There are 2 protein chains.
Amino acid sequence: MADGAPTTARKSDATRTLILDTALRLFADRGYERTTMRGVATEAGVSVGNAYYYFDSKEHLVQGFYDRISELHVQASRAVLDTETELGARLHGVLSAWLDIATPYHRFGPQFFRNAANPESPLSPFSPESAPARELAIGVLREVADGSAAKMDPKLRPELPELLWIYQMGIVLYWVHDRSAGQRRTRALLDRTVPLIDRAVGLSRLRVMRPLIAEAVSVVNDLLYPEPPAH
Amino acid sequence: MADGAPTTARKSDATRTLILDTALRLFADRGYERTTMRGVATEAGVSVGNAYYYFDSKEHLVQGFYDRISELHVQASRAVLDTETELGARLHGVLSAWLDIATPYHRFGPQFFRNAANPESPLSPFSPESAPARELAIGVLREVADGSAAKMDPKLRPELPELLWIYQMGIVLYWVHDRSAGQRRTRALLDRTVPLIDRAVGLSRLRVMRPLIAEAVSVVNDLLYPEPPAH
DNA sequence: AGTCACTCCTGAACACGTTCAAAAACCTCC
DNA sequence: GGAGGTTTTTGAACGTGTTCAGGAGTGACT
């Protein structure tokens, strides 16, 4: 080391950031599979073992990518939520914003999301490690619902954010598989399904729908959320 | 080789089956990750290279699992479809049968769904290579719907099998992530959501629902199925 | 029998993700 | 400034999926 700069910041953080930045650059450069831990280490000027000191596995490096996207999405959503008032417009705006942000990464998306579907991976959207990011996303959708004047079965309201999150996962799954130019098919899917959601929410007030909604909400409460500790 | 049996059947097929059987046994035994190609080869009494002569990769062994499960499921479904007449009972029976068959392999379910989310893998349920298995599964669900006397919006009927297939994918996703003993939570999910589906199908006849159904069916037709060639 | 072509099979070798014992650097307190 | 302890860094080594140059078996035709 031939620099005399009086670095007062923690060396540790600098190394960690250096490794993560290098990794994300190589991921974007050559894709996930073709990026090796040795390559990341060499490019960053550290040893392989050092990369593993900061990141438990190659997959854990991708977590940084997710965090970055989440943060950008929350920001972009705020702009939408501050201007739109109708449920449909709010939902469409928020999901469109996600697509806008994720588009540059679409060609590497498959490699990233491949691991996301593995329940044993910490990158799974259902994993405990992803809980903060998940809560964040659901929080945005809660704002989408609660900030609108949409009328609905009052029993539906508390669980609507979770249901919308499931809907969002479906959109993302479609997006990952979407081979059309600029993922225009996903845009079309959004354009056409958001109004469907909107109308379905409205219909939840119908008397015939009430018991159906009540049971659906109950199922979500009983089986979707209360993940048992299981340790 | 110390056996003098005059094997007249094609040696090739026997070896292939031997390797696949051994692999599936080890998968069920110790799970996907902890099963090694060397282990499969040793256990089957062949060389590693030989396993690769018949299967392009470790993942391709999973395709064998996929095919076998599909076949068993079609058989088991037939029994259900021959005895049950109500839509709910038929759907529940068919999906229960799937769970019955898949239970021994729950441990390597993660691998199963990893492929589902990787659009580049030929093992993805959405890939052209999986088309036959997919058609088979949708065919069973078409029988589920058409063989029942359930009344519904006539516009819904032709697309109901595809929609039920999506529902089934959701159940499988939940199952893969289900950590409860014997996956009883997935059973509970089935017990409670099948009646919901059943009632929702019935409600499709309501006048207020018609335009919603029509648009949903149209979306499925336009965006879900017609995968462009893109080669 | 000899030759040719083809299918089936072998195991050493390669690149990768990951681990680990030990070294180096850093810090704190005397 | 030195002793002791903690944090950070190293790189060889391990087990894995996969490849590949070639060997063995098999059958057909001369």
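Computation of the quantities below employed the complete heavy-atom set of this structure, encompassing side-chain atoms and omitting hydrogens, waters and symmetry-equivalent molecules. The structure displayed is predicted, hence computed values, not measured ones. Throughout, a chain's letter reflects where its sequence line sits, starting with A, and its residues are numbered from 1.
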For [X] and [N], is the shortest distance between a side-chain N/O and OP1 or OP2 below 4.0 Å?
X: Ser47(B); N: dC9(C); value: no
X: Ser12(A); N: dT8(D); value: yes
X: Asn50(A); N: dT10(D); value: yes
X: Tyr52(A); N: dT18(C); value: yes
X: Thr15(A); N: dT9(D); value: yes

Handout entry: NZ or CZ of Arg68(B) within 45° of Tyr105(B) ring axis and under 6.0 Å
Key = no
Practice task
Look at all strands and tell whether Val46(A) reaches a base, only sugar-phosphate, or nothing, counting heavy atoms closer than 4.0 Å.
Solution key: sugar-phosphate
Practice task
Among dT8(D), dC9(C), dG11(C), find the nucleotide with the atom closest to the side chain of Tyr54(B).
Solution key: dC9(C)
Practice task
Classify the side-chain pair Ser57(B)/Tyr52(B) by whether it contains a donor and acceptor separated by less than 3.5 Å.
Solution key: no
Interatomic distance, [X] [atom1] vs [N] [atom2] [rounded to whole Å]:
X: Tyr53(B); N: dG22(D); atom1: OH; atom2: P; result: 18 Å
X: Asp56(B); N: dC20(D); atom1: CG; atom2: C1'; result: 15 Å
X: Phe55(B); N: dG17(D); atom1: CZ; atom2: P; result: 15 Å
X: Ile19(B); N: dC8(C); atom1: CD1; atom2: P; result: 11 Å

Exercise for the section: Spell out, as yes or no, whether a donor-acceptor pair under 3.5 Å connects the side chain of Arg90(B) to the backbone of Glu84(B). Expected result: yes
Practice task
Please test Gln183(A) against Leu99(A) for side-chain contact (heavy atoms from CB on, under 4.5 Å), starting from the C-alpha separation and ending with a verdict.
Solution key: CA-CA 9 Å; Gln183(A) 295 86 52; Leu99(A) 290 178; over 6 Å; no
Practice task
Between Gly49(A) and Met37(A), just flag the one whose closest nucleotide in DNA chain C comes earlier from the 5' side.
Solution key: Met37(A)
Practice task
Between Arg38(B) and Arg16(B), name the one whose nearest nucleotide on DNA chain C is closer to the 5' end.
Solution key: Arg16(B)
